[in-house]
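Here is the structure we will look at, set down as structure tokens.
Residue numbers begin at 1 in each chain, while the letters A, B, ... track the order of the sequences.
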2 protein chains.
Amino acid sequence: MTATPTPRVTIKDVAARAGVSKGAVSLAFNHKPGLSEATRDRIFRAARELGWAPNLTARTLAGSRVDVVGLAICRPARLLGLEPFYMEFVSGVESVLTEHSCSLLLRLVRTVEEETGLQESWWRGRQIGGSILVDFRADDPRVAMAQRVGMPVVAVGHPSLTGGLTSVWTDDATAVTEAVRYLAALGHRRIARVGGAAALGHTSIRTAAFDEAAGALALAGAWQVATDFSGDAGARATRSLLAASGADRPTAIVYDNDIMAVAGLSVAAEMGLRVPEDVSLLAWDDSQLCRLTHPTLSAMSHDVHGFGAEVARTLFGVIMGGGVGSHPVATPVLTPRGSTAPPR
Amino acid sequence: MTATPTPRVTIKDVAARAGVSKGAVSLAFNHKPGLSEATRDRIFRAARELGWAPNLTARTLAGSRVDVVGLAICRPARLLGLEPFYMEFVSGVESVLTEHSCSLLLRLVRTVEEETGLQESWWRGRQIGGSILVDFRADDPRVAMAQRVGMPVVAVGHPSLTGGLTSVWTDDATAVTEAVRYLAALGHRRIARVGGAAALGHTSIRTAAFDEAAGALALAGAWQVATDFSGDAGARATRSLLAASGADRPTAIVYDNDIMAVAGLSVAAEMGLRVPEDVSLLAWDDSQLCRLTHPTLSAMSHDVHGFGAEVARTLFGVIMGGGVGSHPVATPVLTPRGSTAPPR
DNA sequence: GATACGGACTTTACCGGTTAAGAAAACGTT
DNA sequence: AACGTTTTCTTAACCGGTAAAGTCCGTATC
């Protein structure tokens, strides 16, 4: 297997076998007019016999459409494996790509700058026909890059962050407000939020919305902590929030993803606090995980798979030259389960 | 953004600006000898000024190395999002690919046949320089295909399944035996195993090993159930196992992944059984999840991230023309936590 | 001063397709 | 029968690089 001499079959071989020119084979395989049914058949038969399929690299170079879309994720590799969100998002994206016989070019990067360079070189090198941009931050360099080089992209994030790019987003602000209102309606007056990475745009949006909601409801206590989305960070944050006593301790905590909520659940148990009697917990994203814990986790439920699919569909629209604009998708909907109740 | 005319900068432009031929630019960018330092500098300066980087598609077509590796996963998109295993595996693979400025071409497929065709066309089309094959089953068609076309691949699976392909695998049989012995040593005589998809090769290996271990230890009861790896299936299986009473009920359950173990934990709680007093649970893979539950989950711990990294390293070896053979990696190691104890 | 040689580039022929323009045969018209 | 149209294919020029072979030139050798 070391350097097995692979006898690559090319269009020339097929042409020779069918007794026609390269051009004819190309016409046949692209279903273009200008060939008789008879020759078309002969060509396809020859191709089948030789087991030939057009070389996509050459096809791409010659200027036709590229059937690969890019996705670069800017997060340490180790952390990524722990987050259900991305895998589910990717699976949603894939579900649509597959219908179009399109593949996903995936790459983990360390910084936004690295991603910006990568995306640009993917595009310039015709490696991709378009790209999905995620994890926007304020003044994101990818906005200008995409516009400068004219790369078809879909930005996953609020329009305020994604500039003039076509965007697909969920209304995080409204969802946060709803979460807080729900807990307040249950009677909670001291509410905390364990947020995600502070650098991310959607984190700031949620943070601002939380502050505003807390103010509007005149809560007696409102805390916010930033984390890196990991379960460990969620556990630490929960531990320090619950370590306080009396009026300094929140009676309800909202998490920015579900892995942290699971961690919070376990910290509460370990500290001898009952959920939801002593403290209410509310997760985000709502992967299957939330239904597997005991008590089950109430969550701001969000169809991440469907979200990914919608992003992919929108990208195809953009690549085809349409679908530009801002595409809000369904706001996460509150799904009460066993981890939220009125405070004692 | 619809169809922005992109002024693509090519090697010709750079050559013109530097006042040299295309060939010279190519030499400079591939760090090949035959150019004076002065021209080299001039070329790089010109390239920088024009913001040029070599077009990878063209470079690939011209016959140099391809910096993309393939991975097709044969599983319904929806299910994939739920499994921590793959995301962690992918993140491990990525961590090594990134070092080599290499990207991953990912695609979900429905059947092994579809994957076989896809992999072959990726290879023939020079879309990839090599590929990672996962989820082997008996008489897998990918083995013959890879050998026939001479595609560099690394097969993730036991050599008995992967034919003559270079393989990276963990010793599932030994691990299962160890898991059963451990539970038996704690005093358990009735042990169940909630396994994965029956069609997968490593599932059969584990199933056989469990049977053998159960026989060798002359257990009073040994059950095995096949699932689709989902938490729901794990919950169902657990519920039916624990519904029995007395001598028909297992006192310990081994799961084939951790999501099912988490589900099992919650089912036990819901049925009023205490873990580990009434029933011991043992997870597999051991993602972060196992440390986030309460009680924490004992597991056959397996560095999935490192496993992915090793697979990627091996693939690079194969692509370079070496590293052929069978590469066993560390056997999952038993990590006792809070979910296992002697039966009452 | 003719010969050989090595360094610095340029030329040119691919890689495997696509596609515009051209040519030969088949067809319909008057 | 002469002439314009189609239909059916072929030719040849790209796409943007790589790499082997060729050219030119300054210099060391005898």
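- Side-chain atoms of B:W123 come within 3.5 Å of backbone N or O of B:V149 as a donor-acceptor pair.
- Annotation: salt bridge (charged side-chain N to carboxylate O under 4.0 Å, His left out) contacts involving residues 34-43 of chain A, sequence neighbours excluded, comprise A:E37-A:R40.
- Taking every side-chain heavy atom of A:L35 into account, D:dC9 is the closest of C:dT19, C:dG16, D:dC9.
- Residue-level contact check: A:T39 touches the backbone only, with heavy atoms under 4.0 Å from sugar-phosphate atoms and none from bases.
- Among the protein residues, B:K22 comes within range of the nucleic acid bases, having at least one heavy atom under 4.0 Å from a base atom.
- With rounding to whole Å, B:N55 atom CG is found 12 Å from D:dC15 atom P.
- Atoms CH2 (B:W52) and P (D:dG16) sit 11 Å apart, rounded to a whole Å.
- Across the protein-nucleic acid pair, B:L27 atom CG and D:dA20 atom C1' stand 11 Å apart, rounded to whole Å.
- Nearest-nucleotide positions on DNA chain C place B:G34 closer to the 5' end than the other of A:P54 and B:G34.
- As a whole-Å value, the separation of B:R40 CZ from C:dG7 P is 13 Å.
- Nucleic acid contact class of B:S21 (heavy atoms, under 4.0 Å, all strands): base.
- Checked against D:dG17, C:dT10, C:dG16, the side chain of B:A24 finds its nearest nucleotide in C:dT10.
- Without hydrogens or angle criteria, A:N30 side chain to A:K32 main chain gives no donor-acceptor distance under 3.5 Å.
- For the pair A:K32 NZ and C:dA21 P, the interatomic distance rounds to 14 Å; values are reported in whole Å.
- Between B:A58 and A:G23, the one whose closest nucleotide on DNA chain D sits nearer the 5' end is A:G23.
- Candidate nucleotides C:dC15, D:dC15, D:dC9 were compared by shortest atom distance to the side chain of A:L61, and D:dC15 ranks first.
- Out of D:dT10, C:dC15, D:dG16, the shortest distance to the side chain of A:V20 is found at D:dT10.
- At a threshold of 4.0 angstrom between heavy atoms, the contacts of A:T10 are confined to the sugar-phosphate backbone, with no base atom among them.
- For B:T57, the side chain to side chain contact (heavy atoms under 4.5 Å, CB included) test picks out A:T57, A:T60, A:L61, A:R126, A:Q127, B:N55, with sequence neighbours left out.
- Closest to the side chain of B:A62, from the set C:dT10, C:dG17, D:dG16, is D:dG16.
- Here A:S36 reaches the OP1 or OP2 of D:dC9: one of its side-chain N or O atoms lies under 4.0 Å away.
- Remark: aromatic rings of A:W169 and A:F136 are distant, center separation not under 6.0 Å.
- Considering only the side chain of A:N30, C:dT18 comes nearest among C:dT10, C:dT18, D:dG16.
- With rounding to whole Å, B:Q127 atom CD is found 12 Å from C:dG17 atom P.
- If you check D:dC15, C:dT10, C:dT18 against the side chain of B:K12, the one that comes closest is D:dC15.
- Using modelled atom types, no side-chain atom of B:R45 and backbone atom of B:A18 make a donor-acceptor pair closer than 3.5 Å.
- Atom CZ in A:R42 sits roughly 11 Å away from atom C1' in D:dC9 (whole-Å rounding).
- Between A:D13 atom CG and C:dG16 atom P there is a gap of 9 Å when expressed in whole angstrom units.
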